[in-house]
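The structure appears right after this line, and notes come after that.
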Amino acid sequence: MRWMAAILGVLLVGLLVLPWLARPSDPRDGVVDGPTLVIITPHTEQIRYEYERAFSRWHEANFGEPVRIDWRAPGGTSEIRRLLIDQYQAAIRNGEYEYLPDGEGGGEVVIEPGRMGYDLLFGGGSYEHGQMERGFTANVDVGGGATQEMRVPISVPAGFSQEQLDEWFGLNEIGNQLLYQPEQYWIGTALSGFGIIFNIDLYTERGMETPTGFEDLTDPRLMGLVALADPRQSGSITTTFDSILNAYGWDDGWRILRELAANTRYFTSAATKPPLDVAAGEAMAGLAIDFYGRTQSQAVTAPGAPPESSRVGYVDPVGAVYIDADPASILRGGPNPELARRFIEFCLTEQAQSLWQFPANPEQDGAEPVGPERYELRRAPVRRVMYEKYADRFIDRLDPFAAAAKVDSRGWRSAIPVMMGAFGVDSDGELQRAWAALWELRERAAGDPSWASVLAEAETAFYAFPTQEVVGEDNQARVLEFNEQNYRPIRNVWRDPEAAAEARIAYMAFFRDRYREVEELASRGRPD
């Protein structure tokens, strides 16, 4: 029986060793240990890989030592924002701060370096970084046993000179958006567009024209075939939906969002999933950040084949191209604020900007900029000089400064997670059945005018919005319809967490009732 024991021993050793031999390579393999910068980010592993190596080389060349980055990637930017707010609120409750009066009746909350766990927020849209600058309100001990309610920003100004900012950015605008926050609470490092990714083969099979605008995704032939992310989880998809509201206005914008939700196959928590499923044929189309769309299109193109041969296409909708800065923010009380500042400085060098759009260059030799080492990131640089000097080296022929639509923000973004959560994500089954019933009624009415009144009733129910009780400054309660005129007072109700939770439940019940009403109308017999 000794031979049996020997065999079992070999198998046991194999089971222990095999996972070690088969383990995936550490993204930091090859990075020399040095000072550590802690970055929380929604960015992909490919971006993290390229930026860690390039920053470490730059830092060693300029400051005499390499740098290690400790990446934290807990989810999308919206999830990161909630995580950070929770941690900073806990720090204030625990008294882990100092209050520094300014001598003019005000003051600032100071969190000493190292008290908090992260140095930087890297990536995500300008809206989420703006939320970091706005922070939260808290009761702060101002001394003498007194407390004062005040705003506590989570980020801090980067502190670069205006001359340096002018050299990097020139005019601080793209379309109607900023490239950096004027007080430097956030600074753009790349640009993001938001558009449509689609499966060309599936469109061809169905004899449909490929989409050129957001409204094309409301075609009823796409029922169950549109891939969307949940706006309560993904800041990037919320920005895309916001661009639709800004471009189309209140009535048409909300109609398009309702119909998009009605056509969706699912609402995922990750904005990276729709491009993958479109490429795999699990969906015909979806909404995507531009670089996700371009990268996926490239991934399914045969080696050496021209980009136009890909079975996956990406388009920026004409007249609604929303270009947003993708910033970095230095976080209050982080372990190494000076290293965080250097990282932002590096991000705006021509070498760092070349990582976004140059082809991969494994040799990493020659005069800078030399591009990424391994991964082609397919993103738009934020500095104009890159388009002026290096456009011929770009993978994609793009000029976001020329393409950006000058559409003002209408300030309705905060309604998107609340309303789309209620009329779409949490009511998706009822919504899709009502959408199918509505189109059945439209077909009946097209052939028989006696159905017109029933169709009108069904459309009113399908597109309806709920009411909200609002207490005014006169302390009188009023019931307001959710419309453009009443948006702000209703939005203010949502600022109270308990009231917001009650509203979400009530809204969901309202929408489900309306959708069932549409189904009931479609199930009736022919009108007299």
Side-chain angles (χ1 to χ4, degrees), residues 196 203 206-226 228 241 244-265 267 284-285 317 319-320 410 412 415-416 419-468 479-487 490 506-528:
I196 302 168
Y203 271 88
R206 290 180 173 240
M208 296 174 63
E209 294 290 329
T210 56
T212 59
F214 293 118
E215 200 155 6
D216 293 334
L217 299 191
T218 67
D219 190 315
R221 291 175 293 178
L222 295 177
M223 285 185 195
L225 294 171
V226 175
L228 297 178
F241 292 147
I244 293 173
L245 289 179
N246 291 335
Y248 288 89
W250 185 274
D251 292 332
D252 284 341
W254 282 112
R255 174 184 59 79
I256 291 171
L257 295 187
R258 184 88 61 120
E259 293 174 0
L260 274 173
N263 274 344
T264 192
R265 183 178 182 83
F267 285 96
M284 279 183 66
R410 299 175 187 262
W412 301 330
I416 294 168
M419 284 299 170
M420 287 199 75
F423 72 58
V425 185
D426 294 333
S427 307
D428 58 339
E430 293 89 347
L431 170 60
Q432 289 163 11
R433 290 193 296 272
W435 183 230
L438 183 63
W439 275 97
E440 182 182 339
L441 284 170
R442 285 174 174 172
E443 290 173 359
R444 291 181 202 169
D448 183 349
S450 66
W451 284 96
S453 61
V454 178
L455 173 60
E457 191 177 348
E459 288 182 330
T460 298
F462 184 83
Y463 295 105
F465 275 106
T467 58
Q468 175 66 53
V479 176
L480 301 180
E481 293 182 9
F482 180 75
N483 56 33
E484 184 175 355
Q485 291 70 36
N486 296 331
Y487 167 66
I490 292 175
Y507 297 164
M508 182 180 65
F510 172 87
F511 289 122
R512 288 180 173 180
D513 286 346
R514 300 290 77 71
Y515 298 151
R516 283 192 286 268
E517 184 180 337
V518 175
E519 288 189 84
E520 290 167 5
L521 288 166
S523 67
R524 292 179 183 175
R526 185 178 181 278
D528 294 333

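Treat the numbers as computed from the prediction; the structure is a model and nothing was measured. Heads up: numbering here begins at 1 and tracks the sequence.
To the nearest 0.5 Å, atoms CE (Met208) and CE (Met284) are separated by 5.0 Å. Rounding to the nearest 0.5 Å places CG of Asn263 at 7.5 Å from CG of Asp219. Between atom CH2 of residue Trp451 and atom CD of residue Glu443 there is a gap of 12.5 Å, rounded to the nearest 0.5 Å. Rounding to the nearest 0.5 angstrom, the gap separating the OH atom in Tyr487 from the CD1 atom in Ile490 is 10.0 Å. Separation of atoms CH2 (Trp435) and OG1 (Thr218) is listed at 6.0 Å; rounding is to 0.5 Å. With rounding to the nearest 0.5 Å, the separation of CZ in Arg516 from CD in Glu430 is 6.0 Å.
Between Arg221 and Arg206, the shortest heavy-atom contact is O-NH1, 3.4 Å. Of all non-hydrogen atoms in Leu431 and Phe423, the two that sit nearest each other are CD2-O, 3.4 Å. Across every non-hydrogen atom of Phe214 and Ile196, the tightest pair is N-CD1, 3.8 Å. Listed here is the closest heavy atom pair of Ser427 and Ala422: OG-O, 2.7 Å. The two residues Leu217 and Val226 have their closest heavy-atom pair at O-CG2, 4.0 Å. Counting all heavy atoms, side chain and backbone alike, Pro466 lies closest to Phe510 at N-CE2, 3.4 Å.
Under the 30°/60° scheme for interplanar angles, the aromatic rings of Phe465 and Phe482 are found to be tilted.
A salt bridge is defined here as a Lys NZ or Arg NE, NH1 or NH2 lying under 4.0 Å from an Asp or Glu carboxylate O, and Arg444 with Glu440 meets this definition. Comment: Glu517 engages Arg514 in a salt bridge, judged by a side-chain N to carboxylate O separation of less than 4.0 angstrom.
Residues Asn246 and Arg410 form a side-chain contact, since some pair of their non-hydrogen atoms from C-beta on lies under 4.5 Å apart. Within the 4.5 Å cutoff, side-chain heavy atoms of Met420 are placed close to those of Leu257.
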Pair up each side-chain donor or acceptor in residues 452-459 with any protein partner under 3.5 Å, not counting sequence neighbours, and list the distances.
from, atom 1, to, atom 2, distance (Å)
Glu459, OE2, Arg442, NE, 2.9
Glu459, OE2, Arg442, NH2, 3.0

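Applying the 6.0 Å contact sphere to CD of Gln485 captures more than 12 heavy atoms from other residues, nucleotides or ligands. Heavy atoms from other residues, nucleotides or ligands lying under 6.0 Å from CD of Glu481 number 12 at most.
Residue pairs satisfying the salt bridge (charged side-chain N to carboxylate O under 4.0 Å, His left out) criterion with at least one member in residues 251-260, sequence neighbours excluded, are listed as follows: Glu215-Arg255, Asp252-Arg255, Arg255-Glu259.
By the side chain to side chain contact (heavy atoms under 4.5 Å, CB included) test, Ala434 pairs with Phe462, Tyr515, Val518, sequence neighbours left out.
Checked against Glu519 for a salt bridge (Lys or Arg N to Asp or Glu O under 4.0 Å), the options Arg524, Arg512, Arg433 give a single hit: Arg433.
At distances below 3.5 Å, not a single donor-acceptor pair connects side-chain atoms of Thr264 with backbone N or O atoms of Ala261. No donor-acceptor pair closer than 3.5 Å links the side chain of Asn486 to the backbone N or O of Asn483.
Aromatic ring centres of Trp412 and Phe241: separated by at least 6.0 Å.
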